[in-house]
Engineer: 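Structure in structure tokens, see below.
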Amino acid sequence: QVQLVESGGGLVQPGGSLRLSCAASGMIFSIYAMGWYRQGPGSQRELDAAITSGGSTKYPDSVKGRFTISRDNAKNTVYLQMNSLKSEDTAVYYCNQVPFRASYWGQGTQVTVSS
């Protein structure tokens, strides 16, 4: 069965950086587009960054230039480098395929941006 395990979240001050990791198992990782999704308090889950199997990336305007998604197919891992963090980036971050598979959601990793 597919497992996605996110890590790397934490408490960071505004302007700081974090690097999230997502380790995948139970799937042929290299052939799928992957994404990082966020769910803020009282909000729906939304896609923050996507990377195709070939390495092309896409971001919404809200994080463009601040977030960078990457993948290591040898390690079955997708990363999210988050720089210049803002309080509004506070959320639980999840990884999943793009488009997502509902049964694949992991526990997520909490990112809190606060002074």
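Here, residue 1 is the first one in the sequence, and each next residue gets the next number.
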Engineer: Tell me whether Leu20 shares a hydrophobic cluster with Met34, the cluster being built from Ile, Leu, Val, Met, Phe, Trp, Tyr side chains joined at under 4.5 Å.
Structural biologist: yes
Engineer: Do Tyr59 and Thr68 come close enough that some side-chain heavy atom pair is under 4.5 Å?
Structural biologist: yes
Engineer: Is there side-chain contact between Val2 and Arg101, with at least one heavy-atom pair below 4.5 Å?
Structural biologist: no
Engineer: Taking Arg45 for its side chain and Val92 for its backbone only, find out whether a donor-acceptor pair lies under 3.5 Å.
Structural biologist: no
Engineer: Any salt bridge between Asp61 and Lys64, counting N to O under 4.0 Å?
Structural biologist: yes
Engineer: Does Arg38 make a cation-pi contact with Phe67, if we ask for NZ or CZ under 6.0 Å from the ring centre and within 45° of the axis?
Structural biologist: no
Engineer: Test your reading of the model: is there a side-chain donor-acceptor pair from Gln39 to the backbone of Ala91, 3.5 Å cut-off?
Structural biologist: no
Engineer: Answer with yes or no whether the hydrophobic clustering places Tyr37 together with Leu18; edges join I, L, V, M, F, W, Y residues whose side-chain heavy atoms lie under 4.5 Å apart.
Structural biologist: no
Engineer: A quick test of your reading: do over 12 heavy atoms of other residues, nucleotides or ligands sit less than 6.0 Å from CD of Gln1?
Structural biologist: no
Engineer: State, with a plain yes or no, whether a side-chain heavy atom of Glu88 is found less than 4.5 Å away from one of Val113.
Structural biologist: no
Engineer: Is it true that atom CZ of Phe100 has more than 12 heavy atoms of other residues, nucleotides or ligands lying nearer than 6.0 Å?
Structural biologist: no
Engineer: Take atom CD1 of Ile28 as the centre, draw a 6.0 Å sphere, and report whether it contains more than 12 heavy atoms from other residues, nucleotides or ligands.
Structural biologist: no
Engineer: Taking the side chain from Gln3 and the backbone from Gly26, do they hold a donor-acceptor pair closer than 3.5 Å?
Structural biologist: no
Engineer: Look at the side chain of Thr109 and the backbone N and O of Tyr93, then say whether any donor-acceptor pair between them is shorter than 3.5 Å.
Structural biologist: no
Engineer: Could you tell me if the side chain of Arg66 sits less than 4.5 Å from the side chain of Asp89, heavy atoms only?
Structural biologist: yes
